[in-house]
Amino acid sequence: MIHNATLCLERPANRRPGLGILLVGMLAWLRDRHAVYRQRRELLALDDRMLKDIGLSRADAFREGSKPFWRP
């Protein structure tokens, strides 16, 4: 009897994911992209001494920090 109940809850193979699943995926993508945006802004705010500590030049930091948020 439990076996039949689980069959009813399974999504048929030919159905597309629901809107909820797509929204969750989109929100996760936006959250990740916002984190990248914040990290790039923080990188641009570092002074030359801090950049040297992590092995980057000002040009490297500018190159990474000026990328749009959607570009990896």
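- For the pair L46/I54, a side-chain contact is recorded, criterion being any heavy-atom separation below 4.5 Å from C-beta on.
- The number of heavy atoms from other shown groups lying within 6.0 Å of NZ (K67) is above 12.
- Under the rule for a side-chain hydrogen bond (donor to acceptor under 3.5 Å, both in side chains), the partners of D60 that lie at least two apart in sequence or sit in another chain are S57, R63.
- The distance from the CZ atom of R33 to the CZ atom of R38 is 12.0 Å, given to the nearest 0.5 Å.
- Transitive grouping of hydrophobic side chains (ILVMFWY, heavy atoms separated by less than 4.5 Å) brings L43 and M50 into a common cluster.
- Between the CG atom of L51 and the CZ atom of R58 there is a distance of 5.0 Å, given to the nearest 0.5 Å.
- A distance of 13.5 Å separates CE in M26 from CZ in R31, rounded to the nearest 0.5 Å.
- With R40 contributing its side chain and P68 its backbone, the two residues share a donor-acceptor pair below 3.5 Å.
- The side-chain heavy atoms of W70 and Y37, taken from C-beta on, include no pair separated by under 4.5 Å.
- Formation of a donor-acceptor pair under 3.5 Å by the R41 side chain with backbone atoms of G65 is found in this model.
- Note that CG of D48 is 11.0 Å distant from CG of D53, once rounded to the nearest 0.5 Å.
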